[in-house]
Each structure stands twice: as structure tokens, then as C-alpha cells.
Amino acid sequence: RKEVEQDPGPFNVPEGATVAFNCTYSNSASQSFFWYRQDCRKEPKLLMSVYSSGNEDGRFTAQLNRASQYISLLIRDSKLSDSATYLCVVRRTNAGKSTFGDGTTLTVKP
Amino acid sequence: EAGVTQFPSHSVIEKGQTVTLRCDPISGHDNLYWYRRVMGKEIKFLLHFVKESKQDESGMPNNRFLAERTGGTYSTLKVQPAELEDSGVYFCASSQELGAGETQYFGPGTRLLVL
């Protein structure tokens with residue numbers, strides 16, 4: 001079993017839709033959680049960190065459930081520019097190593 | 001401020017040859033990481049430098065891979081001899097501090113194809 005598992009996707013949604021991605025992690029020692037965005041043939045870029053209380057950044061909301069070892073990302077009012085692969089990333093306390101999920105691909109259509 | 005840079009952007013070599021990838025982290029970042037993504041797989045950690053020291057090399061696949069960071073600035077990752085399964089995208093990342101919550105900034109990657 002992979003340490004970080006994501007929805008396989010792909011997700012194809014119309015502009016303006018709300019879409020949610022799920023991620024689960026297996027290592028209970030994991031302490032830090034992130035969503036990265038990766039455009040085609042580009043490097044991963046940090047979208048947002050995920051905090052225990054949940055956090056929001058504009059149209060993006062991230063949630064963490066430590067008991068279920070589950071992370072989510074909600075995108076509201078999808079834009080064409082949101083089309084990308086979204087990577088769930090997990091890190092243990094004071095460890096540099098990041099563990100990535102396979103990524104979920106989102107395509108927003110007009 | 002310049003981001004993480006990597007050279008070359010692409011490399012095509014034959015099996016058995018040697019390739020050296022270079023990474024220049026963001027200036028002032030003591031922490032440097034190598035990751036790679038092979039076809040159809042997730043991005044995987046290779047190793048982590050703090051300045052010139054290897055902090056964690058648990059992800060290095062075998063002894064054909066050698067990473068160095070002399071002087072604690074740029075890093076090189078050498079693959080010798082290259083095998084077909086080494087093909088993929090090699091990403092370098094850097095961070096200022098070491099901490100689970102610290103942002104790691106990624107370079108554009110080197111696309112390696114071993115024929």
C-alpha cells in the first residue's frame with residue numbers, strides 16, 4: 001500500500017463547478033501536510049499548507065482529519081486556469097523528506 | 001529573487017553512459033533535496049543535504065547514484081552507469097530551514113531519457 005493515496009481522477013468539470021479531492025496517508029507519524037499544484041511539464045508549486053483546524057485561501061479550502069488520516073482540498077467556482085495536477089504531500093516532524101501521492105488531474109472546461 | 005535552477009533541462013544518453021545533473025538552490029537555502037519521478041509513478045524522495053552534509057539518503061536507489069554538495073552551495077547528482085529504468089524527471093528542491101512545515105521550492109527538473 002502506498003504511503004499517500006489520492007483519488008485517481010481525472011476530474012473533468014465545467015467552469016464554476018465545485019470539486020473536491022481526497023487524500024489519505026498511512027504513516028501516523030506524519031505531521032505536516034500540503035497541497036501542491038503541478039502544471040504539465042512544470043515543477044510542483046506549493047498551493048497551500050493544511051492545518052489541523054482547516055484553512056482557506058480564496059476559492060481553496062483544505063481540511064485535515066488526523067483521526068482518519070485524511071486530507072481534502074475543495075475548489076469552489078473553478079476557473080480554466082485551475083486545470084492542473086494536484087499533489088497531496090505529507091512530511092514527518094522535522095524531516096525534510098516529502099512523500100507524494102500520485103496526483104489527481106483536474107481539467108476545467110468552458 | 002532567483003528560484004531553484006537545474007541543468008540540463010533535458011538529457012538523452014545511452015545505457016551505460018554517465019550523466020551528471022546540477023542543481024542550484026535558492027541563495028541562502030541550507031537545505032537541498034533531490035526527488036525523481038519515473039514514468040507512471042509518484043514523485044519520490046532521493047536525498048536531503050543540510051549544507052554540505054547528507055542528512056538523509058534513504059531514497060537513493062542504488063550505488064550507481066552519487067550526490068554531492070561540495071561547499072554547501074550547488075549540488076550534483078551523477079548516475080554511472082545509467083540504466084533504462086533511470087529515465088524520468090529529476091527535481092531538485094530547497095528550503096531555508098529544516099522543519100516539517102517549511103516550504104520546499106522546486107526547480108523545473110531535468111528530464112532524463114536513457115536509451
Side-chain angles (χ1 to χ4, degrees), chain A residues 1-10 21 23-53 55 57 62 64 66 71 84-105, chain B residues 2-6 9-10 23-26 29-51 53-60 67 69 75 88-111 113:
Chain A
R1 184 189 170 197
K2 290 185 177 180
E3 191 170 333
V4 179
E5 302 249 24
Q6 293 188 238
D7 284 335
F21 303 138
C23 172
T24 57
Y25 60 96
S26 60
N27 189 335
S28 58
S30 301
Q31 292 295 323
S32 293
F33 311 91
F34 310 86
W35 285 102
Y36 274 74
R37 170 197 169 123
Q38 186 174 24
D39 293 289
C40 188
R41 301 185 69 78
K42 298 286 188 180
E43 73 272 22
K45 290 186 177 178
L46 180 67
L47 178 65
M48 58 196 303
S49 300
V50 187
Y51 302 118
S52 297
S53 54
N55 48 299
D57 182 2
L64 168 64
R66 287 186 185 272
I71 308 156
T85 296
Y86 291 82
L87 302 166
C88 178
V89 180
V90 165
R91 209 180 294 164
R92 289 182 290 114
T93 303
N94 294 327
K97 172 185 175 181
S98 293
T99 302
F100 286 75
D102 283 332
T104 302
T105 299
Chain B
V4 178
T5 57
Q6 293 187 243
S9 58
H10 296 78
C23 168
D24 286 79
I26 293 172
H29 282 196
D30 287 340
N31 295 278
L32 187 149
Y33 313 85
W34 284 98
Y35 294 86
R36 77 171 178 178
R37 185 171 202 159
V38 297
M39 184 71 75
K41 301 282 189 179
E42 73 275 20
I43 295 172
K44 284 192 173 178
F45 169 84
L46 294 178
L47 88 160
H48 168 209
F49 283 100
V50 177
K51 297 185 180 178
S53 299
K54 292 176 185 174
Q55 178 80 8
D56 180 356
E57 50 184 331
S58 61
M60 294 288 265
R69 194 183 181 196
S75 174
V89 184
Y90 289 76
F91 290 107
C92 176
S94 72
S95 67
Q96 189 164 25
E97 302 290 338
L98 176 63
E102 190 72 13
T103 300
Q104 294 182 6
Y105 298 90
F106 282 76
T110 294
R111 281 159 181 76
L113 179 60

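Letters go in sequence order (proteins before strands), and every chain restarts at 1.
Both the backbone and the side chain of B:Gln104 come within less than 4.5 Å of a heavy atom in chain A. Neither the backbone nor the side chain of B:Asn31 comes within less than 4.5 Å of any heavy atom of chain A. Contact annotation for A:Lys42: only backbone heavy atoms (N, CA, C, O) come within less than 4.5 Å of a heavy atom of chain B. For chain B, the nearby part of A:Gln38 is the side chain; its heavy atoms alone come within less than 4.5 Å.
Put simply, OG on A:Ser98 and OH on B:Tyr35 are 3.5 Å apart, with the number rounded to the nearest 0.5 Å. Distance check: B:Lys41 NZ to A:Lys2 NZ gives 6.0 Å after rounding to the nearest 0.5 Å. To the nearest 0.5 Å, the span separating CZ on B:Arg111 from CZ on A:Arg41 amounts to 4.5 Å. Atom NZ of A:Lys97 and atom CD of B:Gln55 lie 13.5 Å apart (nearest 0.5 Å). Atom OH of residue B:Tyr105 and atom CG of residue A:Leu46 lie 7.5 Å apart, to the nearest 0.5 angstrom.
Of residues 43-50 of chain B, those residues with a non-hydrogen atom less than 4.5 Å from any non-hydrogen atom of chain A are, in numerical order, B:Ile43, B:Phe45, B:His48.
In plain terms, the two heavy atoms of B:Phe106 and A:Pro44 that are nearest each other are CB-O, 3.5 Å.
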